Protein chains: 2
Amino acid sequence: MSDAADVLISHCRQAGQRITAPRRIIADVVARADDHPDVPEIYRRVAEIDPGISLSTVYRTVKIFASTGLVERHSFAGGRARIEPASEIHHDHLIDIESGAVIEFRSDEIERLQALVARELGFELTAHRLVLYGRPLARKARRTRKP
Amino acid sequence: MSDAADVLISHCRQAGQRITAPRRIIADVVARADDHPDVPEIYRRVAEIDPGISLSTVYRTVKIFASTGLVERHSFAGGRARIEPASEIHHDHLIDIESGAVIEFRSDEIERLQALVARELGFELTAHRLVLYGRPLARKARRTRKP
DNA sequence: CTCATTAATGAGAATGGTTCGCAAATGCAT
DNA sequence: ATGCATTTGCGAACCATTCTCATTAATGAG
Ligand SMILES: [Mn+2]
Ligand SMILES: [Mn+2]
Ligand SMILES: [Zn+2]
Ligand SMILES: [Zn+2]
C-alpha cells in the first residue's frame, strides 16, 4: 500500500469508480514498478499477491489508470506495451540495444527545440515521443577489472 | 516504372532474389508513395494494377525491402505500421492530431543533441525515434477567407 | 528454347497482444 | 442487510502481421 498507489485509488474513487481488491493490488504493483514492465509482467507480480486476478482485469485496470493520466504506456519495441507510473517530471527513454535495459533521461534543450520546430511548422506541440537506441560505450578505464 | 523502383528491383537482384511481377509492382507503388501509407493501403494501390497480388505478398515484399534498408517502417499510432521509401536525408515526423496528416521535418540541432545525450549516458547512439504531435495554430492572417 | 531447380506466390490458418461479451461476483449507497 | 450498478473471470473475438504449404513461375544450364 504505497503512497503512489493511494493516489491511483483516490483517483478511482473521484471518477466514480469502485475500489476493488484487484484494483488495489494492481495499483500497488504498478506504483512500485521502476522498470517499465509490460502488462503480462504486471500480471505475474499481481498473481504473486492474489493468483485469482485475471489478465483481463490487469489489462482493463492499467487502461483505466492510463486514461486518467496516472500511468503511461510506451511502445518501445514493436511488441507489447511497457508501463510506468506517471511521474511529475517528464522524461524520455534510451534503450540499451544489447541488454534491452531502459534508461531514463531528460533534456530541456531537446524539449525546447521540439516545441520550436513544431511552432515553425505551424503547430502547437501537444505531445511527443522520443526514444533513443544505443550501444554501451567501451570504457577505457574500467575499474571493475582484476588487479 | 519509376527510377526509385528500379533501385529496389536492382537490390533484389543483387541479393540473389528473383524479380517477379508482384515485386515490380509493389516496388513501384512504394517508391512513388509520398504519404506514408500502411500495408493494406499499399495493397489497395497494388490491386488497382494487378488484383491478383495477395496481401501476404505485399507484407512479405515490404518486409524484404525494409530489411535491405530501402524502405522504412514507422509505428506512429499504436495500430498498423506506416511505410515510406527510404530517403537520402534523414527526417523525423510531426503528426497533425486533427487531420492525421504526417509532416516531415529535420532538425540538425535535435539530432546533434540526441547523440550528445546518449554519449553522456555512456552509449553510442545507433538509432532513434522522434515523433511530434501537434495541433495546427490558428493563423491571424488567413488569406483563404472570402473578401 | 526447354527443362529442372528452386524460390515466390496465394489462400488461408496461425500467432501474439489486447479487447470484448456475458454470467457470476462484489462494492457501495441506502 | 438489500438492491442495483459496476467489476470480474473466463473464453471468444479482434487485428495486424507472419507462417504453412501446395501451386506457380523465374532463372540458369544445356
Ligand atoms: Mn520512464
Ligand atoms: Mn517520412
Ligand atoms: Zn520528452
Ligand atoms: Zn531524427
Side-chain angles (χ1 to χ4, degrees), chain A residues 8-30 36-68 71-83 100, chain B residues 8-30 36-68 71-84:
Chain A
L8 288 176
I9 290 304
S10 63
H11 274 251
C12 261
R13 172 165 288 126
Q14 164 184 353
Q17 293 179 320
R18 294 180 179 172
I19 312 302
T20 66
R23 280 179 186 171
R24 270 181 213 286
I25 294 170
I26 294 166
D28 194 48
V29 166
V30 168
H36 308 82
D38 55 32
V39 173
E41 174 59 28
I42 293 171
Y43 169 67
R44 258 168 250 129
R45 297 176 192 181
V46 162
E48 280 176 28
I49 302 169
D50 180 346
I53 295 171
S54 75
L55 181 57
S56 294
T57 296
V58 178
Y59 269 111
R60 264 189 301 242
T61 305
V62 165
K63 198 181 194 183
I64 289 169
F65 290 166
S67 75
T68 68
V71 151
E72 283 175 29
R73 283 200 282 190
H74 304 286
S75 57
F76 293 144
R80 54 206 106 150
R82 307 283 294 265
I83 307 299
Chain B
L8 287 176
I9 291 303
S10 63
H11 274 251
C12 260
R13 172 165 287 127
Q14 165 184 352
Q17 293 180 320
R18 293 177 181 178
I19 312 302
T20 66
R23 281 180 185 170
R24 270 182 213 285
I25 294 171
I26 294 166
D28 193 48
V29 167
V30 167
H36 309 81
D38 55 32
V39 173
E41 173 60 27
I42 293 171
Y43 169 67
R44 257 168 250 128
R45 298 176 191 181
V46 162
E48 279 175 30
I49 302 168
D50 181 346
I53 295 171
S54 75
L55 181 57
S56 294
T57 296
V58 179
Y59 270 110
R60 263 190 301 245
T61 306
V62 165
K63 197 182 194 184
I64 289 167
F65 290 167
S67 75
T68 69
V71 152
E72 283 175 29
R73 283 199 281 191
H74 304 286
S75 57
F76 294 144
R80 56 206 102 153
R82 307 282 295 265
I83 307 299
E84 79 175 327

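Atoms considered below: every heavy atom in the structure, side chains included; atoms not considered: hydrogens, waters and symmetry mates. Keep in mind it's a predicted model, so treat the numbers as computed, not measured. Lettering of chains follows the sequences in order, A, B, ..., and the numbering in each one begins at 1.
Atom CG of B/Leu55 is separated from atom P of C/dG10 by 11 Å (rounded to the nearest Å). Per the geometry, CD1 belonging to B/Ile64 stands 16 Å off P belonging to D/dT17, to the nearest Å. Remark: P of D/dT17 and CD of B/Glu41 are 13 Å apart, rounded to the nearest angstrom. For B/Arg24 and C/dA8, the CZ to P distance is 14 Å, given to the nearest whole Å. Summarising the geometry, the separation between NE2 on A/His74 and C1' on C/dG17 is reported as 18 Å, rounded to the nearest angstrom. Atom CD1 of B/Ile42 is separated from atom C1' of D/dA16 by 14 Å (rounded to the nearest Å). Here the P atom of nucleotide D/dG28 and the CD1 atom of B/Ile19 are 10 Å apart, to the nearest Å. Distance CZ (B/Phe65) to C1' (C/dA8): 13 Å, rounded to an integer number of Å.
Judged by atom type and distance alone, B/Arg60 reaches the base of C/dG10 through a side-chain donor-acceptor pair under 3.5 Å.
OP1 and OP2 of C/dA11 both lie 4.0 Å or more from every side-chain N or O belonging to B/Ser54. For D/dT8, one of the phosphate oxygens OP1 or OP2 lies less than 4.0 angstrom from a side-chain nitrogen or oxygen of A/Arg23. For the OP1/OP2 pair of D/dT18 and a distance below 4.0 Å, the side-chain nitrogens and oxygens of B/Lys63 include at least one atom meeting the criterion. Note on A/Tyr59: every side-chain N or O is 4.0 Å or more away from OP1 and OP2 of C/dT19. Of the side-chain N and O atoms in B/Arg18, none sit less than 4.0 angstrom from OP1 or OP2 of D/dA26. Between B/Thr57 and C/dG10 there is a side-chain polar atom (N or O) within less than 4.0 angstrom of OP1 or OP2.
Positionally, the nearest nucleotide of DNA chain D for B/Arg73 lies more toward the 5' end than for the other of B/Gln17 and B/Arg73. Position along DNA chain D of the nearest nucleotide to A/Thr20 versus B/Val39 favours A/Thr20 as the more 5'-ward residue.
Checking A/Leu55, A/Thr57, A/Ile49 one by one against A/Ile53, the side chain to side chain contact (heavy atoms under 4.5 Å, CB included) holds for a single residue, A/Thr57.
B/Ser56 is not listed as a side-chain neighbour of B/Tyr43, based on a closest heavy-atom distance of 4.5 Å or more.
Note on B/Ser56: a base of the nucleic acid sits closer than 4.0 angstrom, heavy atoms only.
The pair A/Glu48-A/Arg45 does not meet the salt-bridge criterion, since no charged nitrogen lies less than 4.0 angstrom from a carboxylate oxygen.
The closest donor-acceptor contact from the side chain of B/Arg80 to the backbone of B/Val39 lies at 3.5 Å or more, if one exists at all. Put simply, the side chain of A/Thr68 gets close to the backbone of A/Phe65: a donor and an acceptor are under 3.5 Å apart.
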